[in-house]
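See structure below.
A, B, ... follow the sequence lines: proteins, then strands. Residue 1 opens every chain. Computed from a prediction, not measured in an experiment: that's the story for all the values here. These values consider heavy atoms only, across backbone and side chains, with no hydrogens, waters or symmetry-generated copies.
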There are 2 protein chains.
Amino acid sequence: MNKKTYHHGDLRNSLVDTAITLLDRDGIAGLSLRAVAKAAGVSHSAPYRHFRDKTALLEAVAQKGYKNLHDSNLHAVAEHPDDPVQQLYHAGRSYLFLVVNQPEVAKLMFSGVLRPEDWGQALQQTAQASIGALMGIIENGKNASIFADKPIEDLTLTALSTVHGLSMALAAGHFSDKVTSEADIEQLGMRVYETLLSGLLKR
Amino acid sequence: MNKKTYHHGDLRNSLVDTAITLLDRDGIAGLSLRAVAKAAGVSHSAPYRHFRDKTALLEAVAQKGYKNLHDSNLHAVAEHPDDPVQQLYHAGRSYLFLVVNQPEVAKLMFSGVLRPEDWGQALQQTAQASIGALMGIIENGKNASIFADKPIEDLTLTALSTVHGLSMALAAGHFSDKVTSEADIEQLGMRVYETLLSGLLKR
DNA sequence: ACCTGAACACCGTTCAAGT
DNA sequence: ACCTGAACACCGTTCAAGT
């Protein structure tokens, strides 16, 4: 909480939080480990007591993001019991806003700057859990005969790709001309979700 | 072609090509301008005669990627006249394989490491053109009464998000457990495309 | 156990100087 | 007009030394 904590006790967490702040201000390209250390009030070599290298710190940031995402997914399910369509919408909505609110963290999580095959076990598990939650939602929908009669994998992959693609495109700033406010994003999300549900082809 | 060309004449293009090679070998994080210069056979300050800074070189790489993408889109349309469903499939397929074959270039194009609001005019135009081609395909489909009776923007955005999301997730290595061969990717693309066309909900 | 400061090899960028 | 090489301020990482 206060400066005393930084110098003994919780430097690890402090470094992660500082990294997130600097990341969302300067972007992934502008983030240096030395700057994080300085902002956290320690020497440039102090972080090496807590993280193997710069990548390990970035992985810790990504993991925090995945944990938030997973919590949101669980929340979406709990808030709308027995309504897979609403569950999926709110899970997607959380995803969208997480990505839009912390685009640099999102890039770290999804853009492969950190290569998934090199991820530590903790990160891999947390990431897998959030995908698992989405799959659970769709499974519910299939069991309730709401979703199409296709392999769960196909439905999940398509839903995931759409949400992911829309979010990343927004986070990367590709629609910054069309979208500015949070209300815009909400609207965009709803329209895309509806199109995803009913399909591109005439019904 | 040969070393003589490097030292006078076409250093600019040579640097772009060298950058692409090193990029796909070392990743965006491992690429240094000095290494590109060295690999191209010039001093580390020579690139500055042709590019304002490192970002400008990376933009040139991204632009080449967008041009390839746009060419693929045009090709997809030309090869399947009067068949928007096939046009869209092949456009998506090209997108998918471009991203999978040159994942690092793709990240440069789409992941927002270069922020679109800072892009030079040439890059912005080339990028816009490839989206325009996709929109044209869907417009064709609407006119032919094949696609759903929704705003073109909704259909385009949904299709684009799905293709983009699937491609980026693959490029980032998020499905490297499920997918290995090119045939796998082709299959995956077909299944997702079919789900996108018909929607998640029962018909 | 945790942190510091010097050191090393690297980087992006600039600029006087060479051809 | 195009390229070089020294120079500067920065970076990630290591390691002996301090508390």
Query raised in the report: Starting at CG of B:L15 and ending at P of D:dC2, how long is that distance when rounded to a whole Å?
Result: 13 Å
Report summary line: Whole-Å distance, A:H50 NE2 to C:dA1 P, equals 13 Å
Report task. Say whether B:N140 and B:N143, considering side chains only, have a donor N or O and an acceptor N or O under 3.5 Å apart. Result -> no
Requested in this report: Identify, with sequence neighbours excluded, every residue that meets ring-ring contact (aromatic ring centres under 6.0 Å, His included) alongside B:H44.
Outcome: none
Query - Inter- and intrachain pairs under side chain to side chain donor-acceptor pair (under 3.5 Å), touching residues 73-85 of chain B, at least two apart - result: B:H80-B:H90
Query - Between C1' of C:dT4 and NZ of A:K38, the distance in whole Å - result: 15 Å
Which atom pairs link the protein and nucleotides 13-15 of chain D when you take only N or O atoms and keep those under 3.5 Å?
{"residue": "D:dT13", "atom": "OP2", "partner": "A:Y48", "partner atom": "OH", "Å": "2.9"}
{"residue": "D:dT13", "atom": "OP2", "partner": "A:K54", "partner atom": "N", "Å": "3.0"}
{"residue": "D:dT13", "atom": "O5'", "partner": "A:Y48", "partner atom": "OH", "Å": "3.2"}
{"residue": "D:dT13", "atom": "O4", "partner": "A:R34", "partner atom": "NH1", "Å": "3.3"}

Query raised in the report: Atom CG of A:L31 and atom P of D:dC10: how far apart are they, to the nearest Å?
Result: 16 Å
Query raised in the report: Hey, what's the ring geometry for B:H164 with B:Y95, parallel, tilted or perpendicular (30° and 60° as the breaks)?
Result: perpendicular
Report task. Flag the pair B:K64 and B:D17 as a salt bridge only when some basic side-chain nitrogen lies within less than 4.0 angstrom of an acidic carboxylate oxygen. Result -> yes
Query - Interatomic distance, A:R12 CZ vs C:dC3 P [rounded to whole Å] - result: 13 Å
Requested in this report: Looking at every strand, decide which applies to A:S32 at a 4.0 Å heavy-atom threshold: base, sugar-phosphate, or nothing.
Outcome: sugar-phosphate
Query raised in the report: Is there a donor-acceptor contact under 3.5 Å linking the side chains of B:D184 and B:T180?
Result: yes
Query - Value in whole Å for how far the C1' atom of D:dC11 lies from CG of A:L22 - result: 15 Å
Report task. Could you name each residue pair satisfying salt bridge (Lys or Arg N to Asp or Glu O under 4.0 Å) that touches residues 109-126 of chain A, not counting sequence neighbours? Result -> A:R115-B:E104
Query raised in the report: Taking CG from B:D26 and P from C:dC10, how many angstroms apart are they, rounded to a whole number?
Result: 14 Å
Requested in this report: Begin from the C-alpha positions of B:S161 and A:T162 and carry the test side chain to side chain donor-acceptor pair (under 3.5 Å) through to its verdict.
Outcome: CA-CA 5 Å; B:S161 295; A:T162 309; over 6 Å; no
Query - Any pair counted as salt bridge (Lys or Arg N to Asp or Glu O under 4.0 Å), so long as it reaches residues 52-63 of chain A, sequence neighbours left out - result: none
Query raised in the report: Which string of ( ) [ ] | and . matches DNA chain C, if you list each base 5' to 3' and count Watson-Crick or G-U pairs only when both distances are under 3.5 Å?
Result: ||.|||||...|||||.||
